[in-house]
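Quick notes on the structure that follows.
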Number of protein chains: 2
Amino acid sequence: MRIVVARCVVDYTGKLTAHLPEAVRVIMIKSDGSVLVHADGGSYKPLNWMSPPCTLRVEGDGGSQAPQTWVVTNKAGEALQIHILRIEHDDTHDLGVDPGLIKDGVEAHLQALLADQIESLGAGWTLVRREYPTAIGPVDIMARDQRGEFVAIEIKRRGEIDGVEQLTRYLELLNRDSTIAPVRGVFAAQEIKPQARVLASDRDIECRVLDYDALRGMDDPTARLF
Amino acid sequence: MRIVVARCVVDYTGKLTAHLPEAVRVIMIKSDGSVLVHADGGSYKPLNWMSPPCTLRVEGDGGSQAPQTWVVTNKAGEALQIHILRIEHDDTHDLGVDPGLIKDGVEAHLQALLADQIESLGAGWTLVRREYPTAIGPVDIMARDQRGEFVAIEIKRRGEIDGVEQLTRYLELLNRDSTIAPVRGVFAAQEIKPQARVLASDRDIECRVLDYDALRGMDDPTARLF
DNA sequence: CCGTAAATGTCGTCG
DNA sequence: CGACGACGTTTACGG
């Protein structure tokens, strides 16, 4: 990876047009050719960038410190032009291949925990299957209640309106199938936004707030991911 | 901004748990305290990060090159631990305040172009207004067709299911208003995904694919943003 | 500060 | 390779 600190002007043309006036910025050039232009603030998103695969070409190089333009292009015709006015720092490091990130705690894990502890939603409930397939996509969990009636469960970390819409579409479809109807819905999330709760209530969908730590505590500790 | 290249092990605990095994990575520490951990690949998203506002504390510093741990925390109780094993590079640069990004060509621009050329959707159509207000948010464009009936137009760069849901919510609300009902819907986007098209069709919403370049070409060139 | 919608979203997974 | 949904989404905008 090459790391350059330089006074520069940057222009992007592609999905949109963007322009950065003259200032000192950090330019990262990764070994796959991708380029990030960072300011000293904002969050992790660069001011401008080009994603791989792309190629970098140097124009008007009149010497190592002379003004020059770096042009990064890709197959889609997008272009990032970096006009270098003065280089303050320029260094290249060999980082090697990164071993990558190990994650835990996302929706998939919530789903696994809840499937293993389906009775936490109601006594006598049984698991039909996870990722229950339908024509418009899989239902997170299909279960049956103590009376044997089907329950479609949609799981989110944060429950918002679009999650209720998603579950509504599933329920509409599932209830056309006379072999399983009636199917009711449960919207389960670690946190449910008020507007989502209102919409769910309006559609007779039950909301359940999940306690991730409690589910983990009840879970078989040998099943830890790491 | 401080830029460090170091062999490190990184752990994040917060909204989830994440672990990065030992490797050489680039660590950016911005002046607002935020931290990014980048590998030499992937896209602009760091492997791990902490967004501002947050604070960095150094633990177990046994000398400038000795193993040490940087702990970045925020008010929400999230923590990023960076175990520094060996520093290959460490430099600080004063970038000053960035003048910021100037953008053009996003949905707002599509909306402006389409509002100016509303007849491209149908002969005799007239613009009622852009950002037509409703209780649940503004409709991108409200128009009337050649017969004077109202048409609510939702504009996206990429038309997906959630855009159709959004327009559906607007239409449901608008059609309760007897002074403008019936209101029909048009889903307009540069690109419309098949599933979105199916859902729109099911709800009697018309899909229209927008040609951005053609709309620009017809547009008054003096109206350029920059 | 909360809530919603947009994003050059990016990233995984699965067909 | 494209479609689809999740994301520690982040970010901008309005009430």
Side-chain angles (χ1 to χ4, degrees), chain A residues 11-18 34-37 42-52 54 72 74 76-80 100-101 103-111 131 133 136-138 140 154-158 160-163 165-166 169 189-190 193-196 198, chain B residues 11-18 34 42-52 54 74 76-80 100-101 103-111 131 133-140 154-163 165-167 169-170 189-199:
Chain A
D11 285 281
Y12 164 79
T13 51
K15 290 158 192 150
L16 54 70
T17 305
S34 59
V35 176
L36 321 184
V37 180
S43 186
Y44 69 65
K45 191 176 177 181
L47 292 166
N48 259 326
W49 72 93
M50 186 69 83
S51 299
C54 58
V72 191
N74 67 10
E78 298 169 70
L80 185 69
L101 188 64
K103 281 188 185 180
D104 178 25
V106 277
E107 184 192 315
H109 199 209
L110 268 179
Q111 187 190 111
E131 303 286 348
I136 56 172
D140 288 340
E154 176 67 31
I155 300 171
K156 296 282 180 208
R157 199 178 63 73
R158 291 169 50 189
E160 302 185 28
I161 280 183
D162 59 348
E165 300 280 18
Q166 192 180 344
R169 290 196 299 275
Q190 282 184 276
K193 292 293 171 72
Q195 296 227 354
V198 169
Chain B
D11 285 281
Y12 164 79
T13 51
K15 289 158 193 150
L16 55 70
T17 305
S34 59
S43 186
Y44 70 65
K45 191 176 178 182
L47 291 166
N48 259 324
W49 71 93
M50 187 68 85
S51 300
C54 58
N74 67 9
E78 297 168 72
L80 184 69
L101 188 65
K103 281 188 186 181
D104 176 27
V106 276
E107 184 193 314
H109 199 208
L110 267 180
Q111 187 190 111
E131 302 286 346
T134 78
I136 55 172
V139 175
D140 288 339
E154 176 66 32
I155 300 171
K156 296 281 182 210
R157 199 175 63 73
R158 291 171 53 190
E160 302 185 28
I161 279 183
D162 59 347
E165 299 283 16
Q166 191 181 343
L167 179 53
R169 289 197 296 274
Y170 290 141
Q190 283 185 274
E191 176 197 357
I192 300 180
K193 292 295 171 74
Q195 294 227 352
R197 202 177 281 274
V198 169
L199 188 63

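Quick note on labels: first sequence line is chain A, next is B, and so on, each numbered from 1.
- Set against dG8(D), dT8(C), dG3(C), the side chain of Y12(B) has dG8(D) as its closest nucleotide.
- Of the possible donor and acceptor atoms, none in the side chain of Y44(A) sits under 3.5 Å from a partner among the backbone N and O of Y44(B).
- Set against dG3(C), dG5(D), dT8(C), the side chain of E78(A) has dT8(C) as its closest nucleotide.
- Contact check, K103(A) against dG8(D): a side-chain N or O comes under 4.0 Å of OP1 or OP2.
- Pairing each heavy atom of P52(B) with each of S34(B), the nearest pair is CD-CB, 3.4 Å.
- Atom CZ of R158(A) is separated from atom C1' of dG8(D) by 10 Å (rounded to the nearest Å).
- In this structure, Y170(B) and I136(B) have side chains that are in contact, with non-hydrogen atoms separated by less than 4.5 Å.
- The residue E160(B) sits apart from the nucleic acid: no heavy atom pair falls under 4.0 Å.
- Y44(A) places its OH atom 11 Å from the C1' atom of dA7(C), with the value rounded to the nearest Å.
- Between W49(A) and dT10(C), a side-chain N or O to OP1/OP2 separation shorter than 4.0 Å is present.
- Atom CZ of R157(B) and atom P of dA12(D) are 17 Å apart (whole Å).
- Along DNA chain C, the nucleotide nearest to P138(B) and the one nearest to L47(A) differ in position, and the one closer to the 5' end is contacted by P138(B).
- For the pair H109(B) and L16(A), the minimum side-chain heavy-atom distance is 4.5 Å or more.
- E131(A) has its CD atom 10 Å from the C1' atom of dT13(C), to the nearest Å.
- When the side-chain nitrogen and oxygen atoms of S51(A) are compared with OP1 and OP2 of dT10(C), one or more of them lie within a distance under 4.0 Å.
- In a base pair of the Watson-Crick type (N1 to N3 plus N6-O4 or O6-N4) or a G-U wobble (N1-O2 and O6-N3), with each distance short of 3.5 Å, dC7(D) is matched with dG9(C).
- When rounded to the nearest whole Å, the span between CG of L110(A) and P of dA6(D) equals 12 Å.
- Relative to the side chain of Q166(B), the nucleotides dA5(C), dA6(D), dG3(C) differ in distance, and dA5(C) lies closest.
- Closest contact between the side chain of K156(A) and the listed nucleotides dT8(C), dG5(D), dT4(C) involves dG5(D).
- As a whole-Å value, the separation of N74(B) CG from dT10(D) P is 11 Å.
- For R169(A), the side-chain atoms get nearest to dG5(D) when compared with the rest of dT10(D), dG5(D), dA5(C).
- Contact detail for E154(A) and G163(A): the closest heavy-atom pair is CG-O, 4.0 Å.
- Straight-line distance from the CD1 atom of I155(A) to the P atom of dG5(D): 16 Å, rounded to whole Å.
- With a 4.5 Å cut-off on side-chain heavy atoms, E165(B) and I161(A) do not count as touching.
- If you take CG of D162(A) and P of dT4(C), they are 10 Å apart, rounded to a whole angstrom.
- Candidate nucleotides dG5(D), dT8(C), dA3(D) were compared by shortest atom distance to the side chain of N48(A), and dT8(C) ranks first.
- In terms of phosphate contacts, S43(A) brings a side-chain nitrogen or oxygen within less than 4.0 Å of OP1 or OP2 of dT11(D).
- The nearest heavy atom of DNA chain D to M50(B) and to K45(A) marks one nucleotide each, and the one closer to the 5' end goes with M50(B).
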